[in-house]
Amino acid sequence: MTQEPTIDAKGLHLTFETNDGPVHALQDVNLEINKGDFVSFIGPSGCGKTTFLRCIAGLETPTSGHISVNGLTPDEARRVRAYGYVFQAAGLYPWRTIGGNIRLPLEIMGFSKFEMSQRVERVLELVDLTGFDKKFPWQLSGGMQQRASIARALAFDADILLMDEPFGALDEIVRDHLNEQLLQLWARTEKTIGFVTHSIPEAVYLSTKIVVMSPRPGRITDVIDSSLPKERPLDIRDSPEFISIAQRVRDGLRAGHAHV
Amino acid sequence: MTQEPTIDAKGLHLTFETNDGPVHALQDVNLEINKGDFVSFIGPSGCGKTTFLRCIAGLETPTSGHISVNGLTPDEARRVRAYGYVFQAAGLYPWRTIGGNIRLPLEIMGFSKFEMSQRVERVLELVDLTGFDKKFPWQLSGGMQQRASIARALAFDADILLMDEPFGALDEIVRDHLNEQLLQLWARTEKTIGFVTHSIPEAVYLSTKIVVMSPRPGRITDVIDSSLPKERPLDIRDSPEFISIAQRVRDGLRAGHAHV
Amino acid sequence: DGHANSVSLQLQWVTQAQFAGYYVALDKGFYEAEGLDVTILAGGPDIAPPQVLAGGGADAMLNWMPSALSAREKGLPVVNIAQPFKRSGLMLTCWKDTGITKVEDFRGKTIGVWFFGNEYPFLSWMSQVGIPTEGGADGVTVLKQGFNVDPLLNREADCISTMTYNEYGQVIDAGVNPDELVTFQYEEQGVATLEDGIYVLEENLNDPVFVDKMVRFVRASMEGWKYAEANAEEAAGIILDNDDTGAQNEAAQIRMMGEIAKLTAGSNGALDVADFDRTVATLLSGGSDPVISAVPEGAWTHKITDLALK
Amino acid sequence: MMYVIAGFAIWGLGWLLNLYLANSKWSDYRAMNIAVPLIFGLTVLLVWECFVIGFDVNPVFLPRPSDIVLRMAIEMPRLWADFVQTIVKGALTGYILGGLAAFAIAVLADRSEFLTSGVLPVGSFMAALPIVGIAPIFVKWFGSDWESKAAVVAVMVFFPILVNVVAGMRDTTSMQRDLMRTYGAGYWPTLLKLRLPAAMPFIFNGLKVATTLSLIGAIVAEFFGSPTVGMGFRISTSFGQLALDMVWAEIVIAAIAGTAFYGIVTLIEKGVTFWHPSQR
Amino acid sequence: MKSILPVLTIIAAVLFIWTLAVVPMNMHLTADQAQRSGAIVTPDTPVARKETNGIVLALKNPHLIALTYVGKRPNLPSPHQVGLEMFDTIFGKKITSKRSLVYHGWITLAPTLLGFAIGTLLGVLLAVGIVFSRVMDKSVMPWAIVSQTIPILALAPMIIVVLGAAGIHGVLPKSVIAAYLSFFPVVVGMVKGLRSPDHMQLDLLRTYSTNNVQSFWKLRLPSSTPYLFASLKIGISASLIGTIVAELPTGAKAGFGARMLVGDQYGQPILSWAALFAAALTAAALVGIISLVERGALRKMGMKPA
Ligand SMILES: Nc1ncnc2c1ncn2[C@@H]1O[C@H](COP(=O)(O)OP(=O)(O)OP(=O)(O)O)[C@@H](O)[C@H]1O
Ligand SMILES: Nc1ncnc2c1ncn2[C@@H]1O[C@H](COP(=O)(O)OP(=O)(O)OP(=O)(O)O)[C@@H](O)[C@H]1O
Ligand SMILES: Cc1ncc(C[n+]2csc(CCO)c2C)c(N)n1
Ligand SMILES: [Mg+2]
Ligand SMILES: [Mg+2]
């Protein structure tokens with residue numbers, strides 16, 4: 001079991017049929033993610049990052065190829081609630097308050113009242129939204145909504161966290177803060193994390209593995225295993241190692257763009 | 001006329017009433033923006049950036065205070081189509097194709113058929129979406145949708161461009177590319193631009209004026225006039241001047257956060 | 001048990017003096033005196049009494065004979081057990097200024113007719129006199145008449161169907177002078193068919209318990225009728241008491257009772273076979289699309305009235 | 001008894017077949033959308049036939065489906081004339097008139113909050129006028145022919161369409177409206193380019209409900225006065241004559257026409273509101 | 001509450017047009033009647049008048065205009081006639097009296113409410129079935145549509161007779177008809193509502209691997225609430241209409257439907273109109289109550305009522 005990768009994609013293809021022809025969102029994607037990995041996906045917009053994350057979560061069915069999660073199919077894994085998922089847009093339920101939205105997965109998974117309120121409080125604090133639990137989503141700014149949706153995904157302890165650009169709408173300071181928090185959480189809990197981002201420093205700072213993707217057709221062009229230590233203070237970003245990894249990612253990205 | 005600021009906010013307050021008490025989204029905001037300025041707004045999420053931009057565009061009415069745009073009220077200015085506005089979320093009309101969405105303002109403003117198709121083509125190229133004009137919004141990735149909405153705002157030549165985190169969902173490479181394009185457009189056309197961003201380098205790179213805001217209550221804590229030259233190659237970002245401005249912005253931001 | 005003494009009667013219209021005999025018998029305790037527990041079920045525009053009978057919703061029904069005979073041919077064996085109405089009250093009422101004076105003048109005119117199984121007398125009549133009912137200059141244009149006399153008042157129709165006891169009076173009540181009108185009573189045209197008779201399902205007549213309660217029912221009903229004939233105002237009052245809509249007015253019901261009395265007069269409840277034969281003859285002459293195709297067998301019986309009137 | 005057992009057996013078989021088809025790999029095919037309800041309907045008919053025979057139901061009560069089909073075959077010309085009179089002249093005319101009126105009033109009222117909040121309650125009052133009350137009045141006003149039926153239909157379809165057009169035109173997100181405002185778009189562009197397109201899913205909801213109402217309205221109004229042709233006329237007359245097979249023949253025609261009408265509107269809806277989540 | 005003024009304005013406009021329309025609508029009957037009592041009328045025969053439009057006739061005979069408002073059996077009763085009749089039969093009679101519209105209102109209301117409850121329950125159950133079961137979706141929906149294309153007035157007597165034969169009388173048969181008419185709008189609206197969650201909202205629940213029951217309570221039901229209330233408003237009017245329709249084949253004894261029918265049959269249009277309006281007012285009141293509940297529910301759910 002420890003040998004086997006947590007997530008294993010082999011020869012994945014996914015094609016969308018649209019009004020003017022097929023779109024090859026994923027083409028021959030192969031990737032292994034081990035338990036406890038922190039994997040970042042980076043690539044130009046439209047390269048299939050979201051689509052791939054959705055395939056892992058069993059939200060999208062590949063046209064061909066094979067994918068397994070903990071030895072199960074993504075669908076089965078979904079059914080045993082292996083994932084926490086943060087969507088690219090906040091997607092809060094408008095009829096629930098922020099607290100109610102975070103409580104949603106907990107209700108579904110049958111936590112006790114007391115446990116729920118404790119967890120809600122804890123994750124609200126984590127994303128710096130203490131005191132906002134009684135507000136409705138439309139009363140929050142874009143960034144605050146996005147943070148609430150992160151809190152919602154963190155509230156129950158799934159083994160696998162899939163996050164689709166969770167920090168896109170946040171400023172640098174909050175982002176740094178949340179990056180640190182996320183790393184701590186990851187180190188503490190040994191979660192496996194899939195993380196889509198557009199920020200090269202963020203990808204390098206967080207990941208044990210960086211997957212660079214390229215569009216039309218969407219495919220993986222580079223997989224970089226990070227040599228950074230597990231313990232990562234913020235100023236590691238000035239180390240030469242960090243900068244060299246970042247450069248490799250940047251080159252990969254640029255190559256993807258040139259292709260367009 | 002040249003003496004008078006294009007946008008002039010004096011003692012602006014804006015309070016939202018919510019189910020659990022009032023939210024002071026803007027408090028005593030004073031700001032002058034001159035014709036041809038490129039002004040960035042930066043600040044923690046929830047500090048009122050969007051709200052202030054909406055006030056300028058006449059989409060939100062301040063609780064008190066005064067604001068004028070080209071010597072008109074924001075409402076009047078809106079009616080003479082002084083603005084192009086890019087929202088924080090893409091907000092494309094689902095019943096129109098990408099091309100149709102970009103054509104929308106052009107139709108309303110009565111451009112000719114030929115002119116329309118020319119402009120659509122031009123702005124699609126600008127945001128790197130050539131060939132996508134026949135797709136529907138839901139067939140595009142999040143970043144592509146956001147780019148389409150930028151194209152929509154650029155398609156007609158408004159004197160004032162208001163952009164609410166337009167590049168949030170884009171990767172570094174595209175972002176750099178669009179930053180350059182935007183600067184060129186601005187230099188060429190002498191537009192006045194209001195620009196919300198969370199990226200400090202982006203703010204410093206683009207702006208002639210950087211407005212740092214701070215939340216609860218939302219207010220302006222610092223206004224930095226950039227001393228960078230108008231001509232800005234990408235590598236200006238390594239200049240000491242650039243770094244010192246960025247540091248001032250970062251300090252301002254941090255102060256805002258400390259306050260929380 | 002209850003079955004032996006309980007009777008439900010399905011009327012063919014809403015509560016009005018047309019059904020005075022039954023309401024009087026109920027109100028005056030004539031049924032009770034026979035040991036019967038009678039329920040009177042009001043009718044209306046959307047109720048087909050034969051169907052209610054077939055569904056077991058009532059023990060007996062009131063019906064016009066053409067409709068009942070037609071139901072019999074359709075496979076629903078209903079039998080006339082009593083005939084309190086001797087004469088027909090059906091007539092056509094026309095505007096005089098349309099120039100109509102005789103039946104031949106109907107050609108090219110528009111005439112309102114009640115359908116719902118009540119169109120047979122009119123169709124037979126027209127076919128007897130050779131006037132087509134498909135419209136045109138040579139025939140009559142038939143309108144399916146609603147439940148009021150508006151088509152006449154608004155002059156949408158030149159003639160409409162009326163009952164002597166009800167709709168005709170309404171035309172007069174609307175302010176029309178009788179001399180503005182020309183009327184054609186079916187009775188006088190020789191095309192009268194029997195109206196309100198009491199019918200039951202044939203199979204029930206094999207049940208002595210049922211027969212016994214019908215005998216008592218008919219006896220009490222006829223007692224009611226005779227009482228109503230003699231006491232028109234009191235009968236009208238009883239109708240008003242039993243009208244749940246609260247919309248009937250007294251004068252109209254008194255007048256109706258007066259006219260009804262003219263139709264029930266001369267019947268002791270037993271069917272006059274000559275009337276039956278005349279009705280059948282009229283219906284059989286119904287032209288290309290007759291109501292009934294053959295003389296019905298067993299469509300009436302004196303079994304009940306014989307015992308009741310003894 | 002045999003027939004009763006057969007009835008239950010057919011019932012079970014039909015259900016199983018549909019269960020299988022609906023969950024099978026072909027279930028997304030277009031043909032399935034027709035086949036499944038058809039099998040369902042056929043099952044109902046067969047079960048009906050068996051039960052009527054098995055339980056020896058009197059035909060003045062419930063005729064056999066086979067009798068109804070036979071009657072339809074014999075009376076085709078008459079059924080066709082009734083169809084033209086009631087559906088084509090009465091229902092369709094009324095549907096179009098009522099729809100146009102509702103649309104016009106909704107768009108007019110929508111120009112001001114004041115008018116809308118006044119028109120809606122008064123409109124809902126109108127919708128609650130029961131057909132058995134208005135039909136005699138309209139027959140009195142517009143005569144016994146199809147004009148009065150069209151008027152009844154127009155009144156009946158008016159409200160559902162009105163409500164839906166009004167609700168639909170309000171169903172825009174604040175961002176969509178704000179976008180129009182930044183263009184300084186006036187009333188007409190906002191109406192044509194935002195509010196009407198956004199309203200389409202609602203409008204079609206109203207149009208669909210109105211299809212069935214229009215048939216009921218036209219048919220039922222004929223109960224209160226008509227020429228001697230028309231589906232409502234035939235139904236009430238045949239019912240009075242206990243010719244239940246003819247009554248059901250007309251009901252079948254009404255059901256087919258109504259379903260077809262509904263289906264056509266649904267097809268148009270699919271084309272127009274392809275972008276709505278419920279269509280994707 | 002702030003809609004009172006607009007509603008009054010529209011009502012005033014309607015009353016105004018109505019009042020104007022009374023003249024041409026009743027002119028012919030009035031002229032006939034006036035001539036009988038010796039007045040001079042042009043043209044002077046009913047047949048000639050029939051060819052003349054009501055407005056023209058009014059212009060030619062201005063002295064008759066006042067009379068069009070007081071006829072006893074007008075084609076279009078004037079607002080004050082209907083108003084007086086309603087006032088008299090609502091407030092002027094003991095509510096237990098057969099001549100009281102309140103009494104008849106209750107007779108009609110009881111089956112309406114029961115039928116509405118049955119219809120709503122059935123509608124919601126069917127909608128849930130349709131949304132969660134493919135077989136139901138494909139086979140039930142088309143037949144639900146078919147059921148509504150069947151003219152209810154044709155079906156009502158058969159339903160009544162069948163129920164009557166089964167020994168069911170009283171309120172229930174009417175409720176069944178009422179339910180028959182009210183379940184459909186509920187099905188249509190609820191299906192739409194239960195399917196209204198967007199992809200992301202659904203996907204979120206899929207990541208939690210909810211079962212159907214949970215996704216119903218947590219997502220589909222809340223997001224269908226606005227649709228549900230919209231349908232309930234249509235459903236309750238439909239239910240009332242169903243009851244009134246059912247009052248004809250149940251022997252038009254009492255209730256608004258019976259009043260309308262009997263008023264019409266015995267030449268008392270004002271009585272019919274009063275019952276008609278009382279029915280519509282009842283429906284409006286019921287719709288109003290549902291709107292109030294809706295307001296409360298939506299507010300509690302943090303949705304800004306439209
Ligand atoms: N439902 C859909 N129908 C058709 N095409 C789709 C659909 N969803 C995505 N696509 C297409 O698939 C490709 C990959 O999309 P995806 O959302 O995975 O990109 P992404 O890498 O997440 O981009 P971004 O960074 O902008 O979010 C894009 O070209 C997009 O247009
Ligand atoms: N419609 C509203 N009702 C109530 N409160 C609101 C509303 N819109 C915004 N707010 C509040 O006003 C404050 C400022 O919001 P605003 O959207 O301007 O923030 P922002 O600076 O744009 O943040 P972000 O970077 O996250 O988009 C926030 O606290 C928010 O909760
Ligand atoms: C739908 C329908 N139409 C006409 C009659 C015939 N009818 C029999 S008694 C009666 C009352 C006359 O005042 C009338 C009209 C009916 N029974 N049902
Ligand atoms: Mg994406
Ligand atoms: Mg914002």
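In what follows, every chain begins at residue 1, and chains take the letters A, B, ... in the order their sequences are listed. This one's a predicted model, so the numbers in the text were calculated from it and none came from an experiment.
Of the listed residues D:Ile219, D:Thr211, D:Val247, the one with more heavy-atom pairs under 4.5 angstrom with chain E than any other is D:Ile219. Annotation: maximal heavy-atom pairing with chain E below 4.5 Å, among D:Val122, D:Leu62, D:Ile256, D:Val163, occurs at D:Val122. Your options are D:Ile134, D:Leu215, D:Val220, D:Val252, and the one with the most heavy-atom pairs under 4.5 Å with chain E is D:Val220. Highest contact tally toward chain E, considering only D:Ile137, D:Asn164, D:Leu244, is held by D:Ile137 [criterion: heavy-atom pairs under 4.5 Å]. With chain E as the partner, the residue from D:Ser112, D:Pro130, D:Pro136 showing the most heavy-atom pairs under 4.5 Å is D:Pro130. Counting heavy-atom pairs closer than 4.5 Å to chain E, the top residue among D:Gly41, D:Ala257, D:Gly263, D:Gly232 is D:Gly41.
Interface residue E:Asp264: only side-chain heavy atoms are found under 4.5 Å from chain D. Using a 4.5 Å cut-off between heavy atoms, E:Pro185 makes no contact with chain D at all. Both the backbone and the side chain of E:Ile150 have a heavy atom closer than 4.5 Å to some heavy atom of chain D. Neither the backbone nor the side chain of D:Phe159 comes within contact range of chain E, judged by heavy atoms closer than 4.5 Å. Contacts between D:Thr259 and chain E at a heavy-atom distance below 4.5 Å involve backbone atoms as well as side-chain atoms. Both the backbone and the side chain of E:Leu281 come within less than 4.5 Å of a heavy atom of chain D. With a 4.5 Å cut-off on non-hydrogen atoms, D:Phe114 touches chain E through its backbone and its side chain both. Looking at D:Phe223, only its side chain comes within 4.5 Å of chain E, counting heavy atoms on both sides. For E:Val146, the parts lying near chain D are the backbone and the side chain together; criterion is any non-hydrogen pair under 4.5 Å. In this structure, no portion of E:Ser272 lies under 4.5 Å from any heavy atom of chain D.
Residue D:Trp15 places its CH2 atom among more than 12 non-hydrogen atoms of other residues, nucleotides or ligands, all under 6.0 Å distant. Sparse packing is recorded around CZ of E:Phe16, with 12 or fewer heavy atoms of other residues, nucleotides or ligands lying under 6.0 Å away.
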- Message: Would E:Thr108 and E:Thr243 count as a side-chain hydrogen bond (donor to acceptor under 3.5 Å, both in side chains) here? Give the steps.
- Response: CA-CA 6 Å; E:Thr108 301; E:Thr243 305; over 6 Å; no

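Closest non-hydrogen pair, E:Ala144 versus E:Ser147, comes out as O-OG, 2.6 Å. Closest non-hydrogen pair, E:Ala178 versus E:Pro111, comes out as CB-O, 4.2 Å. When every heavy atom of E:Phe256 is checked against every heavy atom of E:Glu247, the shortest pair comes out as N-OE1, 3.5 Å. For the residue pair D:Tyr95 and D:Val265, the shortest heavy atom distance occurs at OH-CG2, 4.1 Å. Closest approach of E:Gly115 to E:Ser239, counting heavy atoms only: C-OG, 3.9 Å. The two residues E:Met86 and E:Phe277 have their closest heavy-atom pair at SD-CB, 3.7 Å.
With a 4.5 Å cut-off on side-chain heavy atoms, E:Val186 and E:Leu126 do not count as touching.
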